[in-house]
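Inspection log for the structure reproduced underneath, given as structure tokens.
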Amino acid sequence: MSEPLSTDFIHEIVTEDLAAGKCPDGVVTRFPPEPNGYLHLGHAKAICVDFGVATDFGGRCRLRFDDTNPTRENQDYVDAIERDVRWLGFEPDAPVRFTSDYFEQLFQWALALVDRGRAYVCELSAEDLRLHRGSLSEPGRDSPWRDRSADENRRLLLAMRAGDFPEGSRTLRAKIDMAAPNLHLRDPVMYRILRASHHRTGDAWSVYPSYDWAHGQSDAIEGVTHSLCTLEFEDHRALYDWFLTALDIERRPRQIEFARFNLSHSVMSKRKLKRVVEEGLVRGWDDPRLPTLAGLRRRGCPPEAIVSFCEGLGVTRRESMVELARLDHAVRERLNLTAPRALAVLDPLKVVIDNVPEGEVRWFETAVNPEDPAAGMRRLPFSREIYIDRADFMLEPPPKYHRLSPGTEVRLRSAYILRCDHVETDPSTGAVTLLHGSIDPDSSGGQPADGRKIKGTIHWLSAAHALPAEVRLYEPLFTAADPEATDDADLLAAVNPESLTVIERAWVEPNLADAAPGERFQFERVGYFAVDPDSGADGLVFNRIVGLRDSWSKAVARG
RNA sequence: UGGGGGAUCGUCUAACGGUAGGACAGCUGACUCUGGAUCAGUAGGUCGGGGUUCGAAUCCCUGUCCCCCAGCCA
């Protein structure tokens, strides 16, 4: 608490509430996902806000599953969501809660409202109910069932619970005002009859509470002080407050809304996400190109980077389009400090070093991570035949090209200075097929004895020691900056056809032989990569998390 | 159209009547055994129009644009 608190408007409100003595038992918040889908970056921000506010004020944050709709929810999602929250690094105040834990209390409260004449059983069909609601500009009309006696309503509500009526035939509605300009106040539905088995309560219920009826009361039951949610619930706040008042609830939670964000070149709406998965545009909910937490995890994004990204976004009531570069930056910032380095050649070109005897192996020591001396050293084998990346050689180099070309020198990272002596090309295509070169024997470790400056340093691998690996390169899933704004019909056309490039046979240094799924590395001069769970007996599979910044290719692109 | 919200560098975000600042992205340069990292520098903004004030991003009036709401989803 000695650290300066964030200055966003939610922190200001909570500070005021605390000063006014409104939270005698401390600040309590909650993250309330519906277990009907996978968490994504948007949820990550909500999680950071919910947990962050609680932590900043020395309070608690709970994880509560808003499981009021058994037709769309299931235990698999519950497990996946809880795993994702913990993976991000947050520890919910035990135990994990469920709105379904409060079904009985909620029902008793509904009965109380019925008795007070504040709720009634309505027999309008879904269609008729819609017709009675009016429109944006016209008031609604009262339901013909609006003025039943409290006794009759109680009897009917109990019968609804008992399962005496068919699904959809009746609802319990709050009796508020069918002419209210806020549509949510036009006698909203509190209970609907659903003949569905619930993942926790089984077949115990045949009526299920609506979000509006359940949410605020669940907050109240749990002693939540600040119920943080996104902007689209703003109009619901009047109803949230109406229920608390109608029930005479004393310790009132306060709903505060903040803005979601959009990520450029990405989609986060549940519907569009579902679409790209179901249309087979990606390989599943954990596809590394998706902004789902499962996808980001598989891609190799460290959770700390995701949290740092979210925290850097700020909390406001303004809609925003966050550039993907922001996420990339957070990932690089984290990985630069923590990822062990490795040499990997994605597009190999063989070089025979004529002044190194066949069969001889020389070993070089180099840092695991120059940014982290504590990470120690690693050993690299060097021999007569090596691979370098094709991009590091040019027959006719442009100005300022610091890499290898006929007759020039370059440093092989941590090993020797190499000169290119001879180039073999395919006579029919002109393509370079093999290089011959020689090393400066007085440059062992990479430092020439005469102190001459070598501008370029490239990565390499001893051909005899290199490990084959599959490498998957990812680009944004969408070419359009704002695919969320495209029509569903055009969504497929907005997909980037080159979002995935698979390199079947790349080479990595032998130290990676035992790398386990999830481990992250920086392939020097190339980017950050993580071991994919597809790795196995057939070999290693790497996902590119994000490339390194590359001012050379930018310069080339500029011309 | 009724109601509820929102407009500050390209992007995100500060400034709460007193010098419009930071971050990301961009550009320059320095340094470098990663053309990475790091460091230094640079460019770039208050939605429009009125008004109040010594002074307005901030207060008032007015206009414009954008988002959300007509599920027995959350």
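Order of the sequence lines fixes the chain letters, A, B, ..., with proteins taken first and strands second; residue numbering starts at 1 for each chain. None of the values given here were measured: they were computed from a predicted structure.
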Report task. Please report, rounded to the nearest Å, how far the C1' atom of rC67(B) is from the CZ atom of F258(A). Result -> 16 Å
Report summary line: Comparing nearest nucleotides in RNA chain B, the 5'-proximal residue of the pair E319(A), F233(A) is E319(A)
Query raised in the report: With a non-hydrogen cut-off below 4.0 angstrom, is D235(A) in contact with a base, only sugar-phosphate, or nothing?
Result: base
Report task. Salt-bridge test for R544(A) and E475(A): reply yes if a basic N is under 4.0 Å from a carboxylate O, no otherwise. Result -> yes
Requested in this report: Could you check whether R260(A) gets within reach of a base, just the sugar-phosphate, or nothing at all, counting any heavy atom under 4.0 Å?
Outcome: nothing
Requested in this report: Answer with base, sugar-phosphate or nothing: what part of the nucleic acid does S551(A) contact at a heavy-atom distance below 4.0 Å?
Outcome: sugar-phosphate
Query - Pair of N/O donor and acceptor under 3.5 Å linking rG35(B) base with R403(A) side chain - result: yes
Report task. Could you tell me whether D488(A) and R271(A) make a salt bridge, using a distance below 4.0 angstrom between a side-chain N and a carboxylate O? Result -> yes
Report task. Select one nucleotide: of rA70(B), rA25(B), rA74(B), the one nearest the side-chain heavy atoms of H329(A). Result -> rA25(B)
Query raised in the report: Which part of the nucleic acid does P370(A) contact within heavy-atom distance under 4.0 Å: base, sugar-phosphate only, or nothing?
Result: base
Query raised in the report: Can a donor-acceptor pair under 3.5 Å be found between the side-chain atoms of H132(A) and the base atoms of rA70(B)?
Result: no
Requested in this report: Check every strand shown and say whether L131(A) touches a base, only sugar-phosphate, or nothing at a heavy-atom separation below 4.0 Å.
Outcome: nothing
Requested in this report: May I ask you to say what R72(A) touches in the nucleic acid, namely base, sugar-phosphate or nothing, with a heavy-atom cut-off under 4.0 Å?
Outcome: base
Report task. Indicate the ring-plane relationship of H215(A) and Y211(A), choosing parallel, tilted or perpendicular according to the 30° and 60° boundaries. Result -> tilted
Report task. Choose from rA74(B), rG3(B), rU11(B) the nucleotide whose nearest atom is closest to any side-chain atom of R326(A). Result -> rU11(B)
Query raised in the report: So what does Q447(A) touch, heavy atoms closer than 4.0 Å: a base, only the sugar-phosphate, or nothing?
Result: base
**Report entry** Sugar-phosphate only, base, or nothing, as touched by R411(A) at under 4.0 Å among non-hydrogen atoms
**Finding:** base
Requested in this report: Under 4.0 Å between any heavy atoms, over every strand shown, what does E167(A) touch: base, sugar-phosphate, or nothing? Just pick one.
Outcome: nothing
Report task. Assign S553(A) to base, sugar-phosphate, or nothing according to its heavy-atom contacts below 4.0 angstrom with the strands shown. Result -> nothing
Query raised in the report: Relative to F165(A), does R170(A) satisfy both conditions: NZ or CZ under 6.0 angstrom from the six-membered ring centre, and within 45 degrees of the ring's axis?
Result: yes
Requested in this report: Let me know the distance between CG of D389(A) and C1' of rG36(B), rounded to the nearest Å.
Outcome: 15 Å
Query raised in the report: Which part of the nucleic acid, if any, lies within reach of R413(A) when heavy atoms closer than 4.0 Å are counted: base, sugar-phosphate only, or nothing?
Result: base
Report task. Round to a whole Å and report the spacing from CD of E323(A) to P of rU13(B). Result -> 12 Å
**Report entry** Closest listed nucleotide, where the reference is the side chain of N336(A) and the choices are rC73(B), rA37(B), rG35(B)
**Finding:** rA37(B)
Query raised in the report: Does rG71(B) adopt a syn or an anti glycosidic conformation, taking syn as a chi angle within 90° of 0?
Result: syn
Query raised in the report: Base, sugar-phosphate, or nothing for E34(A), non-hydrogen atoms under 4.0 angstrom?
Result: sugar-phosphate
Query raised in the report: Of H184(A), H236(A), Q217(A), which is the lone residue that meets side chain to side chain donor-acceptor pair (under 3.5 Å) with D212(A)?
Result: H236(A)
Report task. Answer yes or no: is there an ion pair linking R326(A) with E323(A), defined by an N-O contact shorter than 4.0 Å? Result -> no
Report summary line: From the candidates rA74(B), rG5(B), rG35(B), the one with an atom nearest any side-chain atom of D550(A) is rG35(B)
Query raised in the report: When the distance from CG of L136(A) to P of rC68(B) is rounded to whole Å, what number comes out?
Result: 12 Å
Requested in this report: Between rU34(B), rA74(B), rG35(B), spot the one nearest the side chain of Q522(A), thanks.
Outcome: rU34(B)
Report task. Taking only the side-chain heavy atoms of H236(A) (C-beta and beyond), determine which of rA25(B), rU34(B), rA74(B) contains the nearest atom. Result -> rA74(B)
Query raised in the report: Within 45° of the ring axis of F107(A) and under 6.0 Å from its six-membered ring centre, is that where the NZ or CZ of R161(A) lies?
Result: yes
Report summary line: Considering only heavy side-chain atoms of M321(A), the closest of rC12(B), rU34(B), rA70(B) is rC12(B)
Report task. Look at the aromatic rings of F529(A) and F523(A) and report parallel, tilted or perpendicular, splitting at 30° and 60°. Result -> parallel
Query raised in the report: If you measure from the Lys or Arg side-chain nitrogens to the Asp or Glu carboxylate oxygens, is any gap between R317(A) and E257(A) under 4.0 Å?
Result: yes
Query raised in the report: Starting at CG of L337(A) and ending at C1' of rA37(B), how long is that distance when rounded to a whole Å?
Result: 9 Å
Report summary line: Separation of rA25(B) atom P from R332(A) atom CZ, nearest Å, is 7 Å
Report task. Tell me whether the OP1 or OP2 atom of rG2(B) has a side-chain N or O from R133(A) closer than 4.0 Å. Result -> no
What N/O pairs connect the protein and nucleotides 14-19 of chain B at under 3.5 Å? Give each pair on its own line.
{"from": "rC16(B)", "atom 1": "N4", "to": "E12(A)", "atom 2": "OE2", "distance (Å)": "2.6"}

Query raised in the report: When only distance counts, do a donor and an acceptor, one from the side chain of E138(A) and one from the base of rU1(B), lie under 3.5 Å apart?
Result: no
Query raised in the report: What nucleic acid atoms does K554(A) come within less than 4.0 Å of, heavy atoms only: base, sugar-phosphate, or nothing?
Result: sugar-phosphate
Report task. Considering only atom C1', compute the distance from rU13(B) to rC69(B) and round it to an integer number of Å. Result -> 28 Å
Query raised in the report: Quick one: on RNA chain B, does N369(A) or L124(A) contact a more 5' nucleotide (nearest heavy atom)?
Result: N369(A)
Query raised in the report: Once you round it to whole Å, what is the distance between C1' of rU38(B) and CD of E371(A)?
Result: 8 Å
Query raised in the report: C1' atom, rA30(B) versus rG44(B): distance in rounded Å?
Result: 24 Å
Query raised in the report: For the pair made of CG in L194(A) and P in rG71(B), what is the distance, rounded to whole Å?
Result: 17 Å
Requested in this report: Remember a base hit wins even if backbone is also touched, and classify S320(A) as base, sugar-phosphate or nothing at under 4.0 Å, heavy atoms.
Outcome: sugar-phosphate
Query raised in the report: Which one is paired to rU28(B), where only Watson-Crick or G-U wobble pairs with both distances under 3.5 angstrom count?
Result: rA40(B)
Report summary line: When every non-hydrogen atom of H198(A) is compared with those of P70(A), the smallest separation belongs to CA-CB, 3.7 Å
Report task. Flag this pair as yes if the NZ/CZ of R148(A) is under 6.0 angstrom from the six-membered ring centre of Y120(A) and inside a 45 degree cone about the axis; otherwise no. Result -> no
